[in-house]
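Residues take their numbers from the sequence shown, with the count starting at 1.
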Amino acid sequence: MKKLLILLLVCSVSISGFSQTIMNSTPEAAGFSSERLKLLDNAMNEWVDKGYMNGGAALIIRDGKIAYYKANGYNDLDTKAPLQKDGIFRIASQTKAITSVAIMMLFDEGKLLLTDPVSMYIPSFKKQNVLVNFNAADTTYITVPAKREVTIKDLLTHTSGLGYAQIGSKEANAIYAKNNITAGLGVKDRTLLQAMTRLGEMPLMHQPGEKFTYGLNTDVLGCLVEVISGVSLDEFFRTRIFEPLGMKDTYFNLPQAKANRLVNLYTETPQGKLVKATGGMLNSPATPIYPLVPHTYYSGGAGLSSTLYDYGIFLQMLLNNGVYNGKRLLGRNTVRMMTTNQIEGVPYASGTFGLGFGVVTDQNSGSAPAQVGTFNWGGAFATSYWVDPKEKMVYLFFRQLQARTHNEVVEKFRALTYQAIND
């Protein structure tokens, strides 16, 4: 009788999908047509042949089963070394989802509230000011007092008024550069807390809660993880997220033993030719080898490198409502909060945003075939991911490009994914 009860419990958990792990499969077992997936293969090869990308890799998981896991094209155009599907990619802003999960884990543990003002943890965020006039000639500016303090929820929804260093507005770029605030890549000899403390002293780009401005919000969240947990963001990620989930190839500091798996970064010349990127990236001195340069500045907004498979595990955990391989990271209602619209009434060109993710609704489904409820984001070096709960599907498309055109291939990839669903 005891064995029967255990068996029933295991079966009920498996049926719920909450402990579902990624498994090797056939396209048909995952509900895809092998024949129609050949259209995706053909398109990926065509994009390489036309010079739209040196190479690209994709992972499609449905109902926990791998339907497609391939790399096409080259890691090195000169030697014709092929791109490997287990290559380690600079995922840049895909770091943000992991940082957001870390914050929400602390929320689940009662360590913080989303309504907490950031100044509770980083005092320089107290009594902030808001930019109203900027003089580009000498970078002077005029401010007014903020109507209220920035909260943790403001950071998660990018409605705090913080701008982005180096890749933001001209005002944010100038003000942050003058005060040695960066986008977080290739930073050495300083800590995240030091930089975020200075950021709190800078003016906000608008009043908290009144607009969506993509900015350094998630770097501040990473700093809050460090302050509240008492450990570095690197250690928190490793011990609380990566090791429990079995993510073995995701790092701030890529080990030398895995250096040969770091995918080459390409850029596009004005003439449209793809060449290896060698100089500064994202308007910063950081070079493409930054994941291999030891550092202790852990950018929660952009600092990680990872693989398709590792990130697929992370996304499958979210699709499973916070559980993977029997390890619960988040409560299912916390995942619901994160993946539903949290900026009602706030102007945002792309539609809706949750707590760390863009979210598809009836109003912003556009021309993509994704089901309502799909959540997503991407990274500056041409990596993208989506989770479609109604289709029980996780799908990722990774390239490594800096300056680039032909971004239409991303939406074509999505269309080619959905057209191959066979049930």
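Considering every non-hydrogen atom in both Ala97 and Tyr311, the closest pair reads CB-OH, 3.4 Å. In terms of heavy-atom proximity, Val101 sits nearest to Met317 at CG1-CE, 4.4 Å. Nearest approach of Ala415 to Pro369, heavy atoms of both residues: CA-CG, 4.2 Å. Contact record, Phe125 with Gly200: CE1-CA, 3.5 Å, taken as the closest heavy-atom pair. Nearest heavy-atom pair, Val225 versus Leu106, reported as atom, atom and distance to 0.1 Å: CA-CD1, 4.0 Å. Residue Arg90 comes nearest to Thr383 through the heavy atom pair O-CG2, 4.0 Å, listed as atom of the first residue, atom of the second, then distance.
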Passes salt bridge (Lys or Arg N to Asp or Glu O under 4.0 Å), Lys126 versus Glu149? Steps please.
CA-CA 7 Å; Lys126 189 81 172 175; Glu149 290 198 46; 2.9 Å; yes
For the pair Arg62 and Asp423, evaluate salt bridge (Lys or Arg N to Asp or Glu O under 4.0 Å) and give the outcome as yes or no after the intermediate values.
CA-CA 11 Å; Arg62 191 160 180 252; Asp423 63 8; 2.7 Å; yes
Apply side chain to side chain contact (heavy atoms under 4.5 Å, CB included) to the pair Arg198 and Asn180, showing each step before the final yes or no.
CA-CA 9 Å; Arg198 289 199 310 279; Asn180 203 21; 3.9 Å; yes
Given the rule in the side-chain hydrogen bond (donor to acceptor under 3.5 Å, both in side chains) test, do Lys96 and Thr99 qualify, once you have shown the distances and angles that lead to the verdict?
CA-CA 5 Å; Lys96 289 179 169 66; Thr99 304; over 6 Å; no
Between Tyr74 and Val48, does a side chain to side chain contact (heavy atoms under 4.5 Å, CB included) hold up when you go through it step by step?
CA-CA 8 Å; Tyr74 306 102; Val48 172; 4.0 Å; yes
Does the pair Glu46 and Asn42 meet the rule for a side-chain hydrogen bond (donor to acceptor under 3.5 Å, both in side chains), with working shown?
CA-CA 6 Å; Glu46 179 184 342; Asn42 294 339; over 6 Å; no
I would like to know whether Ile313 and Tyr324 meet side chain to side chain contact (heavy atoms under 4.5 Å, CB included); could you show each step before the answer?
CA-CA 8 Å; Ile313 289 174; Tyr324 187 84; 3.7 Å; yes
Could you walk me through whether Asp41 and Arg36 pass the salt bridge (Lys or Arg N to Asp or Glu O under 4.0 Å) check?
CA-CA 9 Å; Asp41 277 332; Arg36 294 186 70 81; over 6 Å; no
Trace of the side chain to side chain contact (heavy atoms under 4.5 Å, CB included) decision for Leu114 with Met104
CA-CA 9 Å; Leu114 302 189; Met104 297 308 290; 3.8 Å; yes
Does the side-chain hydrogen bond (donor to acceptor under 3.5 Å, both in side chains) test come out yes or no for Tyr395 and Tyr418, once each step is laid out?
CA-CA 10 Å; Tyr395 55 114; Tyr418 280 89; 3.0 Å; yes
Evaluate Thr250 against Asp310 for side-chain hydrogen bond (donor to acceptor under 3.5 Å, both in side chains), listing each step before the verdict.
CA-CA 7 Å; Thr250 305; Asp310 260 20; 2.7 Å; yes
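The shortest distance between side-chain heavy atoms of Met393 and Ile421 falls below 4.5 Å. Within the 4.5 Å cutoff, side-chain heavy atoms of Gln419 are placed close to those of Leu39. By the 4.5 Å heavy-atom criterion applied to side chains, Phe212 and His206 are not counted as neighbours. For the pair His158 and Thr218, the minimum side-chain heavy-atom distance is below 4.5 Å. Looking only at side-chain heavy atoms (C-beta outward), Ile241 and Met105 come within less than 4.5 Å of each other. In this structure, Ile61 and Lys392 have side chains that are not in contact, with every pair of non-hydrogen atoms separated by 4.5 Å or more. The closest side-chain heavy-atom distance from Thr213 to Thr159 is not below 4.5 Å. Side-chain contact between Glu210 and Val346: absent, with no pair of heavy atoms (C-beta onward) separated by less than 4.5 Å.
Side-chain N or O atoms of Ser119 include none that pairs as donor or acceptor with a backbone N or O of Ile122 at under 3.5 Å. A distance-only check finds a donor-acceptor pair linking the side chain of Asn341 to the backbone of Ile343 [under 3.5 Å]. Looking only at distances, no side-chain donor or acceptor of Asp219 sits under 3.5 Å from a matching main-chain atom of Ser299. Side chain of Thr374 to backbone of Ala370: no donor-acceptor contact under 3.5 angstrom is found. In this structure a side-chain-to-backbone donor-acceptor pair under 3.5 Å is present from Gln342 to Met337. Judged purely by atom type and a 3.5 angstrom limit, Gln166 uses its side chain to pair as donor or acceptor with the backbone of Ala183. Side-chain atoms of Arg336 never come within 3.5 Å of backbone atoms of Thr334 as a donor-acceptor pair (strictly under, hydrogens ignored). Remark: side-chain polar atoms of Glu235 are not paired, donor with acceptor, to backbone N or O of Ser232 under 3.5 angstrom. At least one donor-acceptor pair under 3.5 Å links the side chain of Glu28 to the backbone N or O of Ser34. Judged by distance alone, the side chain of Asp388 and the main-chain N or O of Lys390 form a donor-acceptor pair under 3.5 Å.
Just one of Phe314, Phe252, Tyr251 meets the ring pair (Phe, Tyr, Trp, His ring centres under 6.0 Å) condition when paired with Phe237; it is Phe252. The side-chain contact (heavy atoms from CB on, under 4.5 Å) with Tyr121 is formed by just one residue from the set Leu193, Leu224, Val220; it is Leu224.
Atoms CG and CG, from Asn54 and Leu401 in turn, are 5.5 Å apart once rounded to the nearest 0.5 Å. If you take CG on Leu155 and CG on Leu162, they are separated by 6.5 Å, rounding to the nearest 0.5 Å. Asn376 CG to Ser384 OG: the interatomic distance, rounded to the nearest 0.5 Å, is 8.0 Å.
Under a 4.0 Å N-O distance rule, the pair Lys276/Asp76 qualifies as a salt bridge. Looking at Lys258 and Asp249, a side-chain N of the basic residue comes within less than 4.0 Å of a carboxylate O on the acidic one, giving a salt bridge. At a threshold of 4.0 Å, the pair Asp116-Lys153 does not count as salt-bridged, since none of the basic side-chain nitrogens sits closer than that to a carboxylate oxygen. Salt bridge present: Glu109 and Arg240 bring a charged side-chain N and a carboxylate O closer than 4.0 Å.
The ring of Trp377 has its center no closer than 6.0 angstrom to the ring center of Phe357. Taking the centre of each ring, Tyr68 and Phe32 stay at or above the 6.0 Å mark. With ring centers used as reference points, Tyr214 lies under 6.0 Å from Tyr164. Ring pair Phe353/Phe375: centre-to-centre distance not below 6.0 Å.
In the model, Glu268 has a side-chain atom that pairs as donor or acceptor with a side-chain atom of Thr405 under 3.5 Å. No hydrogens or angles considered: nothing links the side chains of Asn75 and Gln400 as a donor-acceptor pair under 3.5 Å.
The aromatic rings of Phe89 and Phe398 sit perpendicular to each other, their planes meeting at more than 60°, with 30° as the lower class boundary.
Counted within 6.0 Å of CG on Asn260, heavy atoms from surrounding residues, nucleotides or ligands total more than 12; the atom is thus considered enclosed.
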